[in-house]
Q: 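This is the structure I want to talk about, given as structure tokens.
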Amino acid sequence: MSFPLLTATAALPAIGAVATAAVPAARRTAAKWLALAFSLGTLVLAGIALARFEPGGSRYQLTESHAWIKDFGVRYELGVDGIGLALMALTALLIPFVILAGWHDADPLETNSSRWRPTQGFFALILMVEAMVVLSFVATDVFLFYILFEAMLIPMYFLIGGFGDRAHSGTDENAAAQRSYAAVKFLLYNLVGGLIMLAAVIGLYVVTGTFSLSEIAAARADGSLSMATSTERWLFLGFFFAFAVKAPLWPLHTWLPNAMGEATTPVAVLITAVVDKVGTFAMLRFCLQLFPEASKWATPVVLVLALISIVYGALLAVGQRDIKRLIAYASISHFGFIILGIFAMTSQGQSGATLYMVNHGISTAALMLVAGFLITRRGSRLIADYGGVQKVAPVLAGTFLIGGLATLSLPGLAPFVSEFLVLVGAFAAYPAVGIIATTGIVLAALYVLVLYQRTMTGPVKAEVQGMADLKARELVVVVPLIALLIFLGVYPKPLTEIVNPAVQHTMSDVQKKDPQPEVEAAK
């Protein structure tokens, strides 16, 4: 039997989580290095999966299939397509940077704390989230995916509620209360979505007799699967609601600004750059593949919600006074673009949406992590507390600017390619939708440039006067992300070659073809 590469890629961070949690309380530094080593090992395995993947080969590769719960037809089935592979690689890439960025975020404040292990717990939870997210990107059994979709909420709840942002402007009691509120809100929103999805998962099994994506696809192909229109639509809504909460899509988005604002900066990156991608990925893999007719039926409403997310998120970002909440609302706008690309039902739109998931993860990680370094130095998240930073910390200001320019999709940086493809795909199918969506680009330029102007330019404020520039560890975190943004912005071909065949399979699932341009015949 061939080596189970996908299982190993997900199992390694899970083993690392257990090993990190077991490190003695007094050896916090050893726990950090151990967590980093396991995350780098996961990155190596993800790189091997990239090398072994054949873009022109079968739809799902590196497959594994084993009986799990025979009485209910549940199997441990794994397989990766180009979309899942790109997102698995993104996750494996970002986690080492998340760990390095949060190197001191969970150190106990008390000097005599050798009997507690908050540091070990912090890094163990991050690795556990990585394991579940990686496995969710490669699961091809619907029930297995559901288990992972729900289980990742548990470590995320403790990361948000148990390890809050130390730069909170309020008292310790208020900060703890707001962290608890944000964690509970995150959990409740996603649990409600998950419970509705569970009902849809059960309904799918009743209709099809299986949880296997491959078996359902084969039954559709040979005509043995017949699903009533109303049944398909109800099942679609059950799945889509859960994914829209996770994504997050307006009006189910309100948990995100609270969670990102109250969490530590690395955990905020984990939320928006890694965990939330499971929602948009699942729309492609499950909604469109399992319920193609219902997906087309729901498209007009979903496009309207995506447009509202784009404009609403950008408008609220413009008015924010808190740096982290500004980035959170900007992410809501960006997720609107991703969902717009998915449901435009064009190859350009879906390729752009997939690239957007990857590029948004990199650009948001870069911007948020540099913002976190800035906030740690000043001890405040309020934009008004900064000014003139570029004069005392030019490297920090420069990296912050590049991360911001990537967020507004400046040509030459990776997000531009994905946003351009999404808009091209949307305009080809729905011109009015494409036109309205472009307002998000204008507003993005406004909130990013105003943020940079208010924090980095102007007179140097007294509280900023002695601010240190980026240190070696922080440069190790930021520089590779910026280099990747530039590389993929100039040469996105390695990513598009992996993604495009999977997009064509999805287009075939929904039986859609790209609209042909109307060219008037020469007179």
Q: Only counting residues at least two apart or in another chain, list the ones meeting side chain to side chain donor-acceptor pair (under 3.5 Å) with K185.
A: N258

Q: As an exercise, state the distance from CG of L252 to CG of N190, rounded to the nearest 0.5 Å.
A: 10.0 Å

Q: Ignoring hydrogens, what is the shortest heavy-atom contact between I327 and A371? Give both atom names and the distance.
A: CD1-CB, 4.1 Å

Q: Measuring from M152:CE to L270:CG, what's the distance to the nearest 0.5 Å?
A: 10.0 Å

Q: How would you list, by chain and number, every residue that makes a ring-ring contact (aromatic ring centres under 6.0 Å, His included) with F335, sequence neighbours excluded?
A: H360

Q: Applying salt bridge (Lys or Arg N to Asp or Glu O under 4.0 Å), name anything that partners E150, two or more places apart in sequence or on another chain.
A: none

Q: Determine which pairs satisfy side chain to side chain donor-acceptor pair (under 3.5 Å) with at least one residue from residues 447-461, sequence neighbours left out, and list them in order.
A: Q390-Y452

Q: Quick one: does any side-chain atom of E130 pair with a main-chain N or O of I95 as donor and acceptor, under 3.5 Å?
A: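 Answer holds: no.
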
Q: Can you see which heavy atom on D469 is nearest to which on E474, and at what distance?
A: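 Reported closest heavy-atom pair: O-OE1, 4.3 Å.
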
Q: Would you indicate whether the side-chain heavy atoms of F145 and V278 approach each other to under 4.5 Å?
A: yes

Q: Restricting to ring-ring contact (aromatic ring centres under 6.0 Å, His included), what partner residues turn up for F186, sequence neighbours left out?
A: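 So F186 forms a ring-ring contact (aromatic ring centres under 6.0 Å, His included) with W255.
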
Q: Please find the pair of heavy atoms, one from L249 and one from F240, that lie closest to each other, and give the distance.
A: CD2-CZ, 3.8 Å

Q: Please say whether more than 12 non-hydrogen atoms of neighbouring residues, nucleotides or ligands are located less than 6.0 Å from CH2 in W103.
A: yes

Q: Measuring from L413:CG to N359:CG, what's the distance to the nearest 0.5 Å?
A: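 Reported to 0.5 Å precision, the distance equals 10.0 Å.
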
Q: I want to check something: taking the side chain as every heavy atom from C-beta on, are K32 and I99 in contact at a cut-off of under 4.5 Å?
A: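 They are not in side-chain contact.
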
Q: Any side-chain heavy atom of V269 within less than 4.5 Å of one from F97?
A: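 SC-SC contact between V269 and F97 ruled out.
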
Q: Any donor and acceptor pair, going by atom type alone, linking the side chain of T119 with main-chain N or O of A106 inside 3.5 Å?
A: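 Yes, because the side chain of T119 sits within donor-acceptor range (under 3.5 Å) of the backbone of A106.
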
Q: Can a side-chain donor-acceptor contact be found between T364 and T272 if the only test is distance below 3.5 angstrom?
A: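 Judged by distance alone, the side chains do not pair up.
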
Q: Only counting residues at least two apart or in another chain, list the ones meeting ring-ring contact (aromatic ring centres under 6.0 Å, His included) with F137.
A: F281

Q: Determine yes or no for a side-chain-to-main-chain donor-acceptor pair under 3.5 angstrom, with R473 supplying the side chain and L100 the backbone.
A: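 Yes, because the side chain of R473 sits within donor-acceptor range (under 3.5 Å) of the backbone of L100.
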
Q: Quick one: list whatever passes salt bridge (Lys or Arg N to Asp or Glu O under 4.0 Å) with E497, sequence neighbours left out.
A: K493

Q: Take V267 and V98 through the side chain to side chain contact (heavy atoms under 4.5 Å, CB included) test and state the conclusion after the steps.
A: CA-CA 8 Å; V267 173; V98 167; over 6 Å; no

Q: Do I441 and L408 have side-chain heavy atoms sitting under 4.5 Å apart?
A: no

Q: Show your reasoning for whether side chain to side chain contact (heavy atoms under 4.5 Å, CB included) applies to L256 and M260.
A: CA-CA 6 Å; L256 182 66; M260 288 183 64; 3.6 Å; yes

Q: Measuring from atom CG of L326 to atom CE of M368, what distance do you get when rounded to the nearest 0.5 angstrom?
A: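 Reported to 0.5 Å precision, the distance equals 9.5 Å.
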
Q: May I have the list of side-chain donor-acceptor pairs in residues 395-407 shorter than 3.5 Å, sequence neighbours left out?
A:
from : atom 1 : to   : atom 2 : distance (Å)
T399 : OG1    : V395 : O      : 3.0
T399 : OG1    : L396 : O      : 2.9
T407 : OG1    : G403 : O      : 2.9

Q: Let's go through S333 and Y312 carefully: what are the C-alpha distance in whole Å and the side-chain angles of both, what is the deciding distance for side-chain hydrogen bond (donor to acceptor under 3.5 Å, both in side chains) to 0.1 Å, and is it a yes or a no?
A: CA-CA 7 Å; S333 180; Y312 171 86; over 6 Å; no

Q: Identify the two heavy atoms, one from M128 and one from A14, that lie closest to each other, and give their separation to 0.1 Å.
A: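 Distance-wise, the nearest heavy atoms are CE-O, 4.2 Å.
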
Q: Can you list the residues that meet the salt bridge (Lys or Arg N to Asp or Glu O under 4.0 Å) rule with D81, with sequence neighbours excluded?
A: R285

Q: If the condition is ring-ring contact (aromatic ring centres under 6.0 Å, His included), which residues does Y386 pass it with, not counting sequence neighbours?
A: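 In terms of ring-ring contact (aromatic ring centres under 6.0 Å, His included), with neighbours along the sequence ignored, Y386 is linked to no residue.
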
Q: I want to check something: taking the side chain as every heavy atom from C-beta on, are T280 and D276 in contact at a cut-off of under 4.5 Å?
A: no

Q: Atom NE2 in H334, atom CD1 in I338: separation rounded to 0.5 Å?
A: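 The NE2 atom of H334 sits 9.0 Å away from the CD1 atom of I338.
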
Q: Would you say I160 and I271 make side-chain contact, with heavy atoms under 4.5 Å?
A: yes

Q: Taking all non-hydrogen atoms of both residues, which atom of V80 and which atom of L85 are closest, and how far apart?
A: CG2-N, 3.2 Å

Q: Walk me through it: do M357 and L90 pass the test side chain to side chain contact (heavy atoms under 4.5 Å, CB included)?
A: CA-CA 9 Å; M357 287 187 245; L90 171 71; 5.8 Å; no

Q: Under 3.5 Å, side chain of S309 to main-chain N/O of W250, donor-acceptor pair present?
A: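 Answer holds: yes.
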
Q: In a check of side chain to side chain contact (heavy atoms under 4.5 Å, CB included) between L488 and each of L485, I486, L484, V490, which one passes?
A: L484

Q: What are the two closest non-hydrogen atoms of A10 and A131, and how far apart are they?
A: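 Heavy-atom minimum between the residues: O-CB, 3.2 Å.
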
Q: Just checking, is any N or O donor in the side chain of Y356 or E419 under 3.5 Å from an acceptor N or O on the other one?
A: yes

Q: Could you check whether atom CZ of F420 has more than 12 heavy atoms from other residues, nucleotides or ligands sitting under 6.0 Å from it?
A: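 No - once you tally the heavy atoms of other residues, nucleotides and ligands closer than 6.0 Å, there are 12 at most.
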
Q: One thing to verify: whether E262 and R325 come together as a salt bridge, which I'm taking to mean a side-chain N less than 4.0 angstrom from a carboxylate O.
A: no

Q: Backbone N or O of A468 within a donor-acceptor pair of the R377 side chain at under 3.5 Å?
A: yes

Q: What distance separates S39 OG from L94 CG, expressed to the nearest 0.5 Å?
A: 11.0 Å

Q: Would you please test V245 and V192 for side chain to side chain contact (heavy atoms under 4.5 Å, CB included) and show each step?
A: CA-CA 9 Å; V245 172; V192 170; over 6 Å; no

Q: Would the distance check show the side chain of D385 and the main-chain N or O of S380 forming a donor-acceptor pair, the cut-off being under 3.5 Å?
A: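 The answer is no, because no donor-acceptor pair under 3.5 Å joins these two groups.
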
Q: Name every donor-acceptor pair, under 3.5 Å, that has one atom in a side chain of residues 42-51 and the other anywhere in the protein, sequence neighbours excluded.
A:
from : atom 1 : to  : atom 2 : distance (Å)
T42  : OG1    : F38 : O      : 2.9

Q: Can you name the residues that form a salt bridge (Lys or Arg N to Asp or Glu O under 4.0 Å) with R378, not counting sequence neighbours?
A: none

Q: Taking the six-membered ring of F149, is NZ or CZ of K246 closer than 6.0 Å to its centre and within 45° of its axis?
A: yes

Q: For the residue pair I383 and D322, establish whether any side-chain heavy-atom pair is separated by less than 4.5 Å.
A: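 Side-chain contact under 4.5 Å: no.
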
Q: Check whether any side-chain heavy atom of R179 sits under 4.5 Å from a side-chain heavy atom of F163, and report yes or no.
A: no

